[in-house]
Amino acid sequence: MSPRLSAAGLGRLSLTRQVALLSLIPIIALGVILARVLHSQIDARVRADATETARLIATLGIEPRLDAADLTRGLAPAQIAALDRQLATRAVIGDLARIKIWNTADTVIYSEDHTLIGRRLQPSDDLEAALAGRPEEAKVVEGHANSETAGEVGLGKLVEVYVPLRFSAKGAPAGAFEVYLSYRPIAAAVMRDKRTIALLVAIGLALLWAIVFRIVARASRRLRRQSQENLRLARYDSLTQLPNRMMVLEHVARAMRRARANDGSIAVLVLDLDRFGEANNTLGSAIGDQILQEVAERLRGSLGDGTLLARLGADEYGVLCGRAQCAQDAQAMAVRAQDSLLEPITVAGTSVNVEVSIGMAVLEPDDTAEAILQRADTALARAAASARRIHLYDPARDSVDARQLILLGEVRGAIEREEFVLHYQPKIDLSSRRMTGVEALVRWAHPERGLLAPARFVPLIEQTALVGPLTLYVIEHALRQMVRWRRVGVNVQMAVNLSARNLLDRELPARIGGLLSAHGVSAEMLTVEVTESAAMADPSRAVAVLEAIRAMGVRVSVDDFGTGNASIEYLAALPAHELKIDRSFITGVLDDPRLEAIVRATVDLARNLDLTVVAEGIESAEVLEHVAALGCDEAQGYCISRPCDPDDLQRLLSEAFGVGAEKARSSRRGSRSIAATVVSG
Ligand code: C2E
Ligand code: MG
Ligand code: MG
């Protein structure tokens, strides 16, 4: 097995098994080293024992019976017999194989094998060392012919020990005593010892390994639990314990693959609680949290098998229906979800009515999880603006192309970087011909695409919740500009445009109030313009929001009047101060008697409803005079001034108000009428 293969094989094992296997290697190595050390220690002990035995025999059994002269001379038969007897007892050792007593002339003067007595043999180094008084350690040997061990051939393995024989305390040894012990019983004892020790070492190491394994296994279990918890936290919402957006995307992608394989379909619902922020602010976030949990509970109960409920954001939930057959299935599910929230939610003794808007999308060819969720989100914007609060994404009506989606993705950052800029278009009073105010019109100073007109991005943003932040941005910047102009003595009415979705936001009046007081601008100086059709999207809500705005003192204007299909009855119910006749009726008013009739009728209607009439889109002095003659109160249009940036406008304002920059003052032509200035210029 190549190292890479074995590493790959190891990689497939669990962490615990890997550690178990890898820890075996040092443990086995440790076992081998221990065995070696023990072996050499046992061996050393055997030699030391043998040496000690030989020394005892020499000192106790031999030296008292002989003297130096005996060794030089050789032994008498009686001495030999006495030694035979002495050594025959073998009380000291039972495995004595051979004994020799040497003199310094390398001659055997005694052996229990009498045939060796008197023989002079080739001395070994060991014998010479012993005769020189420096005996070496015991050695394991085997008998060899032509050596001093020739007499031991056939006795097997032996432990050989030399002991110098001394007969006086000082002086060189007079001879040497040599003992051969049979190695077989020693080897057997050594083996027994080794086996016992090896067993003990093995048991000890096995125990050690088991302990290490247990520690590792426990640590690995803890790690696994921790990583599972991390995974859970990354994929679940901690408040409701529902899957989060990331997990829902994975499930949608999987459900899509399954649906395609089985020729089925799936549906995705995005649910958004209406006015949840309001409840959260007034009741506190602890109660807000409980509401969100209860909503999650109810939605879970209302959805059948094969669905996955998730929390996508603050008060936004998502539902994946993996078994939807058609749009009707999704509709039915949306209705069930709405019904589950009909009953008010009671938290800490307070009953809260929760309403929900639901956007839906069903599987399309070449769909992706992100795309279907995005479509459901787009549908949600429409749902929020509709009376039923449920909308199924309709590719023919709701589609946005990829370029637009990219642009949409950039809006939040653009707001933060203040890429949106405001241009201002003046409005004049037709009787005095003096400027009465300006309308703030947003443009996007896009870093790559240049200055974008509102038609390029406002309708797109209006389909999403981003229109809320954008509107507040515009109001904030318009108020800042008013404060700047006020510093140079110019006080103008400011009009800002609201979108249909803004009128569903019951928090908008309070936010506008907050901005007005933050900038110290009085409410009467601000006008909000809403189109007829925006106000028609959800009439009762729109009227409630506009009434709250009007109650603060802010003026309300109905923009692009005539292009929507509001009934006169509804119009009368709108808390408006002003009607702006759409420019499509004004531009051609001189040439088309029908348009003239419409303008005349609108002026009549406005008079009866006590509303001011503004004519939009005045492109020539003739039209200006004509709409004045028809009874319009105010006018706005290119012939008075195109929308321009604040600096350019300040020049015009200085003309009109007779204040401001020196430059502007020096170019004044004496008239205080901006209309006269611009029209004649
Ligand atoms: P609007 O509120 O009706 O604004 C008037 C539009 O008519 C402006 O276009 C203005 O430049 C244009 N206009 C004014 N006088 C004439 C004229 O004599 N002839 C012609 N042909 N056009 C004239 P603009 O600035 O492109 O804005 C278009 C629309 O975008 C606005 O219509 C408004 O509905 C929307 N919009 C602009 N700013 C905002 C904003 O801040 N928020 C929202 N929600 N919508 C905005
Ligand atoms: Mg407008
Ligand atoms: Mg308009």
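As the structure lists them, so they are numbered: ligands from 1, and atoms in each ligand from 1. Predicted model only: the values in this text are computed from it and were never measured.
- For atom 3 (O) of ligand 1, the nearest protein heavy atom lies under 4.0 Å away.
- For atom 44 (N) of ligand 1, a protein heavy-atom neighbour is found at a distance under 4.0 Å.
- In this structure, a donor-acceptor pair under 3.5 Å is present between the side chains of Asp274 and Ser357.
- Side-chain contact check for Thr612 and Glu578: no donor-acceptor pair (N or O, by modelled atom type) lies under 3.5 Å.
- Considering only non-hydrogen atoms, atom 6 (C) of ligand 1 lies nearest to Arg583 out of Glu616, Arg583, Arg642.
- Within a 6.0 Å sphere centred on CG of Leu342, other residues, nucleotides and ligands contribute more than 12 heavy atoms.
- Atom 24 (P) of ligand 1 has its nearest heavy-atom neighbour, among Ser641, Ala534, Pro454, Ala615, in Pro454.
- A 4.5 Å side-chain heavy-atom check between Pro454 and Arg443 finds at least one atom pair inside the cut-off.
- Contact annotation for Val458 and ligand 1: only side-chain heavy atoms (C-beta onward) come within less than 4.0 Å of the ligand.
- Taking every non-hydrogen atom of Arg443 and a distance limit under 4.0 Å, the qualifying atoms of ligand 1 come out as 25 (O).
- Defined by atom type and a distance below 3.5 Å, a donor-acceptor pair is missing between the side-chain atoms of Gln493 and Lys427.
- Between the side chains of Asn502 and Thr471, at least one donor N or O sits under 3.5 Å from an acceptor N or O.
- Arg245 has a carboxylate O that lies under 4.0 Å from a charged side-chain N of Glu316, or vice versa, which qualifies the two as a salt bridge.
- Heavy atoms of Pro643 approach ligand 1 to within less than 4.0 angstrom.
- Salt-bridge annotation for Arg412 and Glu416: absent, with no side-chain N of the basic residue lying under 4.0 Å from a carboxylate O of the acidic one.
- At a 4.0 Å heavy-atom cut-off, ligand 1 touches Ile618 through the backbone alone.
- Asn497 lies close to the Mg ion (ligand 2), since one of its N, O or S atoms is found at a distance under 2.8 Å.
- Contacts of Gln636 with ligand 1, taken as heavy-atom pairs under 4.0 Å, are absent altogether.
- In this structure, the separation between SG on Cys321 and CE on Met360 is 11.5 Å, given to the nearest 0.5 Å.
- The Mg ion (ligand 2) lies under 2.8 Å from an N, O or S atom belonging to Glu439.
- Residue His423 does not touch ligand 1, judged by heavy-atom distances below 4.0 Å.
- Not a single heavy atom of Ala453 sits under 4.0 Å from any atom of ligand 1.
- The N, O or S atom of Asp560 with the smallest distance to the Mg ion (ligand 3) is OD1.
- Contact annotation for Asp560 and ligand 1: only side-chain heavy atoms (C-beta onward) come within less than 4.0 Å of the ligand.
- The shortest heavy-atom distance from Lys580 to ligand 1 is not under 4.0 Å.
- Taking the Mg ion (ligand 3) as reference, Glu616 places its N/O/S atom OE2 nearest.
- Taking atom 37 (C) of ligand 1 as the reference point, the nearest protein heavy-atom neighbour is Leu441 CD2, 3.7 Å.
- Distance from atom 21 (N) of ligand 1 to its nearest protein heavy atom, with residue and atom name: Glu619 OE2, 3.1 Å.
- Using a 4.0 Å cut-off between charged nitrogen and carboxylate oxygen, Asp339 and Arg336 do not count as a salt-bridge pair.
- Close contacts of ligand 1 with Gly637, meaning ligand atoms under 4.0 Å from a residue heavy atom, involve 15 (N), 18 (O).
- With a heavy-atom cut-off of 4.0 Å, Gln425 touches ligand 1 through its side chain alone.
- Its N, O or S atom nearest to the Mg ion (ligand 2) is what matters here, and for Asp559 that atom is OD2.
- Side chain of Arg311 to main chain of Leu242: no donor-acceptor pair is present (N/O by atom type, distance under 3.5 Å, no hydrogens or angles).
- Evaluated for a side-chain contact (heavy atoms from CB on, under 4.5 Å) with Leu373, the options Thr368, Leu320, Val268 yield exactly one hit, Val268.
- The residue from Leu595, Ile598, Val599 that alone fulfils the side-chain contact (heavy atoms from CB on, under 4.5 Å) condition with Ile586 is Val599.
- Of all the N, O or S atoms in Glu529, the one closest to the Mg ion (ligand 2) is OE1.
- Ser432 and Asp429 form a side-chain donor-acceptor contact under 3.5 Å, judged by distance and modelled atom types alone.
- For the pair Ser499 and ligand 1, the shortest N or O to N or O distance falls below 3.5 Å.
- The shortest N/O to N/O separation between Cys639 and ligand 1 does not fall below 3.5 Å.
- Every atom of ligand 1 is numbered from 1 in the order shown, and the set under 4.0 Å from a heavy atom of Val474 is 41 (O).
- Note that CD of Glu622 is 8.5 Å distant from SG of Cys639, once rounded to the nearest 0.5 Å.
- Within 6.0 Å of CG in Asp610 there are 12 or fewer heavy atoms belonging to other residues, nucleotides or ligands.
- Contacts between Asn497 and ligand 1, counted as non-hydrogen atom pairs separated by less than 4.0 Å, involve both the backbone and the side chain.
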